[in-house]
Amino acid sequence: MPESHLILPDEAATQALAARLAAKARLGDVLLLSGPLGAGKTSLARGFIRACAGRPDLEVPSPTFTLMQSYDTPAGLISHYDLWRLDGPGGLQELGWDEALAGIVLVEWPDRLGWATPDEALRIEFSLAQAGREIRLEGEQRWFDAS
């Protein structure tokens, strides 16, 4: 699968990447956001959801405690999962996982998905570097095509 490495020097660059990904997203897409605490997963998810909604001021709380938040946007239903507190895929059914897959899904801490991890998902790995956030994207070619 194609992949790309990026350095995002600041929050504005993270939001710009989120907007580019949102413009390419379609129903059935799953974006897996992995990396350490504070690396930018929630920031990218917020920017993505706001871009899909067309509302830069939209309140997008972290789903750390609720485990899932959903947003009805012009791009379709977006489900934002934070699986930090899950120890495996067993609790996904209660969180509406199967239904969410018909829309667009963002998952923080995707290692908790186990066997439920979609093969065709866009994988976005975050790490912190001196120059900013280091991002590795891996997924279908359409995510990387210029548009």
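Everything quoted here is computed from the prediction, not taken from an experiment.
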Any side-chain heavy-atom pair of [X] and [Y] under 4.5 Å:
X	Y	result
I135	T14	no
E140	L122	no
L106	L44	no
D29	W143	yes
R46	H80	no
T117	R123	yes

Look at the side-chain heavy atoms of Ile, Leu, Val, Met, Phe, Trp and Tyr, link any pair under 4.5 Å apart, and say whether [X] and [Y] land in one connected group.
X	Y	answer
I124	I104	yes
L17	F144	yes
I78	L32	no
L8	I49	yes
F48	V105	no

Inset, instruction - Determine, stepwise, if the pair S43 / Q15 fulfils side chain to side chain donor-acceptor pair (under 3.5 Å). - result: CA-CA 8 Å; S43 178; Q15 297 309 305; 3.1 Å; yes
Taking all atoms of both residues into account, what is the closest heavy-atom pair of [X] and [Y], and its distance?
X	Y	value
P89	L113	CB-O, 3.1 Å
A102	L27	O-CB, 3.6 Å
A39	L128	CA-CD2, 3.8 Å
M68	L95	CE-O, 3.6 Å
R50	P56	CD-O, 3.4 Å
P36	W109	C-CH2, 4.2 Å

Legend entry - Neighbour count >12 (heavy atoms, 6.0 Å) for atom CD, Q141: yes
So, [X] side chain and [Y] main chain: donor-acceptor pair closer than 3.5 Å or not?
X	Y	answer
Y71	C52	no
R85	L67	no
K41	F126	no

Inset, instruction - Kindly compute the distance separating OG (S62) from CG (D82), expressed to the nearest 0.5 Å. - result: 5.0 Å
Legend entry - Salt-bridge criterion met for E138 and R136 (N-O under 4.0 Å): yes
Inset, instruction - Show your working on side-chain contact (heavy atoms from CB on, under 4.5 Å) between D111 and S34 and close with a plain yes or no. - result: CA-CA 8 Å; D111 57 309; S34 60; over 6 Å; no
